[in-house]
Amino acid sequence: MQDKLVIAGHEFDSRFILGSGKFDLTLIKAAVEHAGAQIITLALRRVNSFHGNILEHIPEGVTLLPNTSGARNAEEAVKIALLAREAGCGEFIKIEVIRDSKYLLPDNYETAKACEMLANKGFIPMPYMYPELYAARDMVNAGAAAIMPLASPIGSNRGLATKEFIRILIEEIDLPIIVDAGIGRPSQACEAMEMGADAVMANTAIATAGSIVQMAQAFKNAINAGRTAYLAGLGRVLDKADASSPLTGFINDGGTK
Amino acid sequence: MANEKTDHMTYLPGMEILEDSDIGDKVVSLMNAYDPAKYTEADVLRALEAQFPSTEDLAALLSFAAEPHLEAMARRATEETRKHFGNSVYLFTPLYIANYCENRCVYCGFNCDNRIRRAKLDADGIRREMKAIASTGMEEVLILTGESRKMSSVEYIGQACRIAHEYFKNVGIEVYPMNTDEYAYLHQCGADYVTVFQETYNSDRYEQLHLGGHKRIYPYRLNAQERAIRGGMRGVAFAALLGLDDFRKDAFAAGVHAYLIQRKYPHAEISFSCPRLRPIVNNDKIKPVGVGERQLLQVMCAFRIFMPFAGLTISTRERAGFRDNVVGMCATKISAGVSTGIGSHTDEESLGDDQFEISDERSLEEVCAAISARGLQPVLNDYVYIPE
C-alpha cells in the first residue's frame, strides 16, 4: 500500500520533518540519514552568513523548508521569504511570525495574513500556528499547503499539551496537519501520529540528545509505529465493562406479535 | 576640576522624557524593597523548583542564602540553557571607534579628567578596523564609543553603523543613551541591538559616582532601553556594573528592569551582561567590591533561571577559564578577538588608550576551538536585518 504524505502535490515517503535550528551543521547529514527525513527546515537567518553555506550540509534530494523565524509581522515574513527564495531555498516556506520573546508563541492573525501574501507570490506556505480552528480555516482559505500546529511552546519539551485542539484540526481541516514544536520524546511523536497527524517535526530533542544518530532513529521508528497504528485503526478502549442488562433490550426487532 | 554638582534626577535640555512610562519607578521601588539578607534556604529551594520563576524567586536566587546552593543553580541553569539555546554559542567582537568622553565617572578609564590618549577613528579608520575584524570570520560587531555627543555625534555613530552593515550581518551599539528618534535613525543605519549599562541602580550611589556630564542624569539612562525599543530596535541589553554598590541589589534591579520591559514590549529580545568592575588607567586602587567569581556566577545563573529565554553575554573582563566554563551553562554569547584600544585591530600601537584591562585576548579561532571542545557549537550569525 502506498502511504504518501502529499503537500501541494509533492509526495514524500517520510513523515518526519527535521528541524535544523539547534544543530551543529556538521551533524545535520547524519541526522537526516538516520531519521530518514525528506524535508528539513532551516531558518533563513542561520543561512544568512558570509562564510560557509549551510546548504552545503543538506544532503541531496532533501526538500528544504526555510522558515521566516525573526519575523514579527506578516510584512517581515514576506521579506524574509523573498530572501530565502533568493538564497536558493525553493518555494516551500514555513511561516513563523512571533511577537513574544518569552514563549515564542506564533501570532495566528499575522500568520494568516502572511499566508495569503506568500501564496499570492507563488510560495507554498506552511504556517506554524497555535492550534485554533478558526485561524486554521483562515489559513486554509489564504492558500496554506499544510497546517503546522504547535504541541507546546518551542523548546519546552512538554509534549502534546494542545492535544485536544490538534485533534480538532485533524478532524476538521482537509490539509496535512504537521505537529510542530514541543515534541521532546519519540513516544510523544508516536502519540501524535496515532491520533492521525500527517507528520511530526522535531529539532531540539534530537539536536541535544546524547547520541544524535540513535535519537534520530528512535524518532523515525516512533513516527512509523504511530502512523501504522493510525492506519490499522486503534482498538476500542472501554472505560467501563459492558453492562450485562443492556438499556436497549426492550426493543422488539421481530415485528408485531 | 570643574565639578558642577547638578541635580542628577533633573533632565537636561533636549533629553526626551517618557511621561507615560512607570518602568523606572517600579524598578527602583522593587529594588529598594529588596533585602538580600531576609531570604532563607527554603526560599532558595522553592525558587530552584519553580517552573516559572517570579521576581520573588529571582530575589531568593540572588540572596546570601543561595550561595551554598550554587551547584544546584548551575545545574538548573545548564538545563535551561540547553532547552532554550541547544548547543549554540554566539560570538561577537566589540569595536571601540572613539574614546572621547565628557563625563566624570570616578570608576571609569575614559573619565574626561583622566589623562589618557584620546582618539576617534574617521570613516577610513573605521572601515580598516572593521575589515580587519571581519577578515577573521566574525559576523557580529558591537560598536562602542566613549560617551561624548560632541566628539561622537549620532551622525558619526550612524556612519559607523552603515560601514558595519557592509562587513557584518549583525550590528549592535553600546554608546551614550539617546532619544527615540535618534535610536530610530541608527536602526535605519543598520543597528538592531542596544546595550546600556545602568552601572548602579542605586540613585544615591549613582549620584556619588557620576560627578558630571550628561551621564549624571540617572533617569535618562534608566529609560534608554525603552526609548531604543520605541525607536524600532529589535533587542536591548541590561547590566549593572557589579561591584559599584551592593551587587545583589543591583543585579536584582537589572533583572526586574529586563522583566518589566519584556512584559510591556513582549516582542523585544532581552539580554544581560554581567560586567564586574576592573582595574583602570590612573586608578589602580579600584577593585571589584565583594564580587568574586562565585558571586558573579550566582548572578549569571540567577538571570538564566529567572529569564531562561534571555541572552547572556560573558564579559571579556573575565579570565578565559571562567568564560569557557560558563558558556553552555548560563552564558549564550562570548566575545572574541577583543582589543579595547582605539585602532588597535590594525595598528600595532593603538591611537587611544583602553577603557579597561581585558583578561581574555584569544582570537575568534581560539575561542571557537574552546567552544567546540566542550561539545558546543559556535554560531557566527542567527539574525537577519529587515529594512523598513
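Protein chains get the first letters and strands the later ones, always in sequence-line order, with residue 1 at the start of each.
- Within a 6.0 Å radius of OH in B:Y265, other residues, nucleotides and ligands contribute more than 12 heavy atoms.
- In this structure, the portion of B:Q51 lying under 4.5 Å from any heavy atom of chain A is its side chain and not its backbone.
- Environment of CZ in B:F52: crowded, with over 12 heavy atoms of neighbouring residues, nucleotides or ligands closer than 6.0 Å.
- Atom NZ of B:K264 is surrounded by more than 12 heavy atoms from other residues, nucleotides or ligands within 6.0 Å.
- Distance alone, capped at 3.5 Å, places no donor-acceptor pair between the A:S101 side chain and the B:H267 backbone.
- Applying the 6.0 Å contact sphere to CZ of A:R99 captures no more than 12 heavy atoms from other residues, nucleotides or ligands.
- Open room surrounds CD on B:E49; 12 or fewer heavy atoms of other groups in view lie less than 6.0 Å from it.
- Only the side chain of A:L83 comes within contact range of chain B, with at least one heavy atom under 4.5 Å from a heavy atom of that chain.
- Within the model, atoms OG1 of A:T204 and CZ of B:F85 stand 12.0 Å from one another, a figure rounded to the nearest 0.5 Å.
- With hydrogens and angles disregarded, no donor-acceptor distance shorter than 3.5 Å links the side chain of A:K102 to the backbone of B:P266.
- The residue among B:D382, B:N381, B:V384, B:I386 with the most heavy atom pairs within less than 4.5 Å of chain A is B:D382.
- Here the CD1 atom belonging to A:I212 is positioned 7.0 Å from the CG atom belonging to B:N87, to the nearest 0.5 angstrom.
- In A:E33, the CD atom is crowded: over 12 heavy atoms of neighbouring residues, nucleotides or ligands sit closer than 6.0 Å.
- Remark: B:E365 CD is loosely packed, at most 12 non-hydrogen atoms of other residues, nucleotides or ligands lying under 6.0 Å away.
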Take A:R46 and B:V379, measure what side-chain contact (heavy atoms from CB on, under 4.5 Å) needs, and give me the verdict at the end.
CA-CA 9 Å; A:R46 278 297 294 276; B:V379 176; 3.9 Å; yes
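- Using a 4.5 Å cut-off between heavy atoms, A:I80 touches chain B through its side chain atoms alone.
- Under the 3.5 Å distance criterion, the side-chain polar atoms of B:R234 are matched with a main-chain donor or acceptor of A:G70.
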